[in-house]
Amino acid sequence: MTTLFKNIKELIQVREHTTEILKGNQMKELPTIKNAFLLIKDDIIIDYGSMENCPTDYDQCVDITGKMILPTWIDSHTHIVYAGNREQEFVDRINGLSYEEIYNRGGGILNSVAKLRTTSEEELYRDASARLEELIIQGTGVIEIKSGYGLDLESEMKMMRVIAQLKKNYSVAVKATFLGAHALPVEYKNNQAGFVDYICNEMIPVVAKEGLAEYFDAFLETGYFTVEETEKLIIAAHNHGLKSKIHLNQFTAIGGIEMCVKHNVLSVDHLEVVTDEDIQALQKGNTIPVALPTCSYFISIPYTPARKLLDANLPLVLASDYNPGTTPSGNMNFVVATACIKMKMTPEEAINAATYNAAFALELEKEYGSITRGKKASFIITKPLHSFYAIPYNFGSNPIEQVYLNGVSI
Ligand code: NIG
Ligand code: FE
């Protein structure tokens with residue numbers, strides 16, 4: 001079945017070739033076709049071009065005069081499986097406590113761990129699927145979802161099974177990440193080395209054997225996991241076939257990036273604090289920097305220095321970090337707007353970072369991230385817009401009229 005979309009005011013992120021991630025100045029250009037058509041066959045993009053060359057042979061036709069089409073957002077970093085909420089901590093921060101102070105009092109991640117351990121798999125699935133359905137309406141077509149609120153084998157497996165169910169039941173593309181080293185659970189208090197061994201020897205082998213994760217993640221940060229501990233974990237994960245995506249440099253820069261680049265880690269995420277040594281390390285390898293601007297927004301910490309990274313000719317990806325503690329929102333339209341407003345990324349750079357480049361952070365660049373022949377027909381039809389600048393400019397508005405996932409209107 002072929003469907004023609006005609007009279008597209010502007011078809012955004014059109015690319016013939018999609019083999020390389022965009023770096024530095026390359027991110028400034030967002031290729032588009034004005035007054036365009038798009039032809040899909042079932043779930044695949046088969047043709048596009050200017051209306052002058054519009055095909056006459058198709059099964060059905062949708063006229064979208066005045067509206068634009070762009071690929072769905074790719075959110076390469078989320079924690080949407082969680083129990084309860086952290087609304088009280090939100091108010092505690094308003095009243096003056098910092099994220100670190102709350103954690104040091106036994107709250108933060110450990111607050112979510114306590115809640116998750118006593119929540120059933122069914123309830124977790126119900127809550128996570130409601131979040132996922134909202135994200136799809138907000139234009140997310142590809143998502144990575146992490147565990148990390150169980151921190152024992154049974155509870156982590158419960159989270160991983162919920163992610164597997166989401167993957168099975170929704171047409172959004174899902175990549176699953178085992179975040180075994182998110183924080184030190186209370187039963188390992190004063191035995192950090194024991195917990196690292198437990199993850200390496202008992203959790204990673206089981207998660208990998210069950211085929212429940214594509215990636216491994218750890219929170220490499222002062223007060224959480226050291227460079228040496230994270231290195232040990234990355235090697236253990238690698239030995240079980242899992243690549244790593246690592247949380248680091250959220251509050252402090254302690255040499256984690258250099259170690260991650262050495263191990264060819266797929267992405268390093270957060271980077272609110274970046275040193276010159278970190279930049280030099282990133283320039284030497286293929287590890288992808290991922291910024292999470294709505295986390296900075298929500299907990300009032302510095303924004304990832306996007307200009308510094310782009311001036312160093314590095315690539316950049318934007319993701320939401322949707323989680324109950326630091327970013328209880330996964331709206332990628334707002335992520336893109338925040339990157340423009342607070343990180344001084346241009347709309348072209350921000351859209352590239354949240355679509356085309358983001359696909360590389362999940363190794364899905366052959367299927368998603370651009371309007372390209374042979375890629376999946378997962379795209380957003382906007383409301384009538386003056387230009388695509390309106391997406392970040394009218395921040396907080398919903399620019400989306402309709403979402404197609406794999407050729408099907410949602
Ligand atoms: O990416 N920083 C580590 N992990 C999450 C926050 C988790 C939480 O507070 O629940 C993050 O911000
Ligand atoms: Fe995160």
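Here, residue 1 is the first one in the sequence, and each next residue gets the next number. If you're wondering where the values come from, they're calculated on a predicted model, not measured in any experiment. All ligand and atom numbering here is 1-based and tracks the order in the structure.
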Taking the six-membered ring of [Y] (Phe, Tyr or Trp), confirm whether the NZ or CZ of [X] is under 6.0 Å from its centre and within 45° of its axis.
X	Y	value
Arg93	Tyr99	no
Arg131	Tyr82	yes
Lys245	Tyr215	yes

Report task. Give the ring-plane orientation class for His247 versus His77, where under 30° counts as parallel, over 60° as perpendicular and anything between as tilted. Result ->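 Perpendicular.
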
Report task. Inspect the contact between Lys41 and Asp47 and indicate whether a charged nitrogen and a carboxylate oxygen are less than 4.0 angstrom apart. Result ->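 The answer is no: the pair does not qualify as a salt bridge.
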
Any donor-acceptor pair under 3.5 Å linking the side-chain atoms of [Y] with those of [X]?
X	Y	value
Tyr322	Asn331	no
Thr18	Glu365	no
Thr78	Asp75	no

Can an N, O or S atom be found in [X] less than 2.8 Å away from the Fe ion (ligand 2)?
X	result
Asp269	no
His77	yes
His79	yes

Query raised in the report: Measuring from each atom of ligand 1, which residues have a heavy atom under 4.0 Å away?
Result: His77, His79, Arg86, Tyr99, Ile109, Tyr149, His182, Phe219, His247, Gln250, His270, Asp321, Asn323, Gly325, Thr326

Query raised in the report: Closest to the Fe ion (ligand 2), which N/O/S atom of Asp321 is it?
Result: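 Nearest N/O/S atom: OD1.
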
